Every structure is written in structure tokens, then in C-alpha cells.
Amino acid sequence: KADGTGFRTIADVFWPDLIVKAAPDGLHALLYRPQATDGVNKIYLADLTTGAITTTVGQGNNTGAVWVSPTKFIFMQTQGNSYPPRLYLQDITAGSAADLKLDTTLDKVVLDASGRYLYAAVADPATSRDSFVRVDLTDLSQSDYFKPTDEIHATDLLLLGSTVYFLNSP
């Protein structure tokens, strides 16, 4: 409630710096730390009805996640000192992750309203600029969306209709 009453404790958590991301249906939440300790940063799944907390991603340095649907989310993971991180699609029902084969960060991606398509700015290895790809999350197929001729380093992507907008950070 607005007056600060009516809160219910769901579960005690083990770290005070956990980032909490509620699922679109409000039944689950992702919990993870902003930085890894000892090279591993797990992502936990909290059932907001029962308070049960389970590990959903147990390996790698995972420092960001975004929900796609009530049962799927995208997370970014680094291995060792690698940068940029790699993006994965986690299915909590199947308990498996699919490699999206995108080396980028979550501030360089945007999802369409249906959660089917992901648009991402990815560094082109042949140049020092970003190019844009579209990934169909139903079959993980990837296609070129936009290959700029100018020097672009995109962040904070925004999708309006079928057009991707971004901030250019030189």
C-alpha cells in the first residue's frame, strides 16, 4: 500500500546487494548480484508464491538479465576476463539455456512487444563500429537488420514500430 503497510515477506535473501527482476506475470523473480565474487555469479529464481529460491543459472559470471516472457529470460555471461559478454536465452520450464551467439551487452539490445524478436547492436570484427542484427527467439535464426556506413557505437536501444533507435556513444 502507499502508506507502507501490507507488505509480505516472501523469503529471506542471503546478500543485501541482490538485483531483483520480477517476471511479467508477477509469479517469479530473478535474483543476482551486480558483480561476481570468485569468478561465478549465479542467477537465482524466486517463486513469489511459495518463497522457494532455486539456482537457474549456476555457472559463469552473470551480471545482467531481462525477461522475455513469464518462462524465458536473456542473460549476459562472461567467461574469465572476456569482454564483451555473450548473451543466452534461458527457458526456466525446460531448465536449459541457448547460446544466442551474440557478444554484446544488455544495453545494446531491445525486444519487440511480442518477445519474439531481439534486436542487437554487435561490434563488427572487421571494423570498429556496431552493426545491427535481428534474432528470432523462436528458432534462434539471425539476420542482418542494419549495417551502418558511419562509425556507430550504439547504446540504449529503443524499438518503435519496426524501427530501432539508439544513442551513439563515440
Side-chain angles (χ1 to χ4, degrees), residues 18-26 28-36 39-45 56-170:
L18 284 174
I19 294 172
V20 178
K21 300 275 182 112
D25 62 3
H28 295 94
L30 300 174
L31 309 170
Y32 57 91
R33 298 185 76 186
Q35 295 183 344
V40 175
N41 197 27
K42 297 177 181 180
I43 298 177
Y44 300 93
L45 181 69
T56 188
V57 180
Q59 59 189 15
N61 180 5
N62 308 292
T63 56
V66 61
W67 285 98
V68 174
S69 72
T71 60
K72 294 181 181 178
F73 64 90
I74 293 171
F75 67 96
M76 62 182 191
Q77 181 181 92
T78 56
Q79 297 292 337
N81 293 328
S82 66
Y83 189 86
R86 173 73 51 117
L87 298 185
Y88 296 86
L89 177 65
Q90 179 75 24
D91 183 327
I92 62 173
T93 305
S96 61
D99 185 348
L100 295 178
K101 297 179 177 43
L102 294 173
D103 294 327
T104 192
T105 57
L106 289 176
D107 68 334
K108 292 178 166 276
V109 302
V110 66
L111 291 158
D112 75 339
S114 71
R116 178 176 179 178
Y117 295 107
L118 173 114
Y119 298 84
V122 181
D124 187 334
T127 66
S128 61
R129 60 180 161 250
D130 285 343
S131 62
F132 294 80
V133 297
R134 184 177 88 164
V135 179
D136 184 330
L137 296 177
T138 60
D139 63 8
L140 304 184
S141 63
Q142 217 178 95
S143 60
D144 289 334
Y145 176 74
F146 173 60
K147 287 197 174 268
T149 55
D150 296 329
E151 188 79 13
I152 289 178
H153 300 283
T155 62
D156 301 310
L157 276 63
L158 171 69
L159 182 67
L160 295 175
S162 61
T163 303
V164 174
Y165 297 89
F166 58 91
L167 293 177
N168 188 14
S169 304

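Being a predicted model, the structure only gives us computed values, none of them experimental.
Going from atom CZ of Arg86 over to atom CD of Gln77 covers 10.0 Å, rounded to the nearest 0.5 Å. To the nearest 0.5 angstrom, Lys108 atom NZ is 12.0 Å from Asp103 atom CG. Atom CD of Glu151 sits about 7.0 Å away from atom OG1 of Thr127, to the nearest 0.5 Å. Remark: Asp139 CG to Arg116 CZ distance equals 7.0 Å, nearest 0.5 Å. Rounded to the nearest 0.5 angstrom, Ile92 CD1 and Leu45 CG are separated by 5.0 Å. We find the CG-OH distance between Leu18 and Tyr44 to be 8.5 Å, quoted to the nearest 0.5 Å.
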Handout entry: Working for side-chain contact (heavy atoms from CB on, under 4.5 Å), residues Lys42 and Val40
Key = CA-CA 6 Å; Lys42 297 177 181 180; Val40 175; 4.1 Å; yes
Practice task
Take Tyr117 and Leu159 through the test side-chain contact (heavy atoms from CB on, under 4.5 Å) and record every step on the way to the result.
Solution key: CA-CA 11 Å; Tyr117 295 107; Leu159 182 67; over 6 Å; no
Exercise for the section: List the steps, then state whether side-chain contact (heavy atoms from CB on, under 4.5 Å) holds for Leu137 with Leu100. Expected result: CA-CA 9 Å; Leu137 296 177; Leu100 295 178; 4.0 Å; yes
Handout entry: Step-by-step side-chain contact (heavy atoms from CB on, under 4.5 Å) determination, Val20 to Leu30
Key = CA-CA 6 Å; Val20 178; Leu30 300 174; over 6 Å; no
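Closest approach of Pro148 and Ser131 over heavy atoms only: CD-CA, 3.9 Å. Residues Lys21 and Ile19 share a closest heavy-atom pair of CE-CG2, 4.0 Å. Contact record, Trp67 with His28: CH2-CB, 4.3 Å, taken as the closest heavy-atom pair. For Ala154 against Asp130, the heavy-atom pair with the smallest separation is N-OD2, 2.8 Å.
Under the 4.5 Å side-chain criterion, counting only non-hydrogen atoms from C-beta, Ile152 is in contact with Phe166. Between Arg129 and Asp150 there is no side-chain heavy-atom pair separated by less than 4.5 Å. Side-chain contact check for Phe73 versus Ile43: some heavy-atom pair is nearer than 4.5 Å. Side-chain contact between Ile74 and Leu111: present, with at least one pair of heavy atoms (C-beta onward) separated by less than 4.5 Å. In this structure, Asn41 and Gln35 have side chains that are not in contact, with every pair of non-hydrogen atoms separated by 4.5 Å or more. The shortest side-chain heavy-atom distance between Leu87 and Leu106 falls under the 4.5 Å cut-off. At a threshold of 4.5 Å between non-hydrogen side-chain atoms, the residues Leu118 and Leu102 count as touching. Using a 4.5 Å heavy-atom threshold, the side chains of Lys101 and Leu140 count as separate.
No cation-pi contact links Arg134 to Tyr145, judged by a cut-off of 6.0 Å to the six-membered ring centre and 45° from its axis.
Counted by atom type alone, Thr78 and Asn61 present one or more donor-acceptor pairs between their side chains at under 3.5 Å.
Thr104 places a side-chain N or O within donor-acceptor distance of the main-chain N or O of Ala121, the cut-off being under 3.5 Å.
The aromatic ring centres of Phe75 and Tyr32 sit 6.0 Å or more apart.
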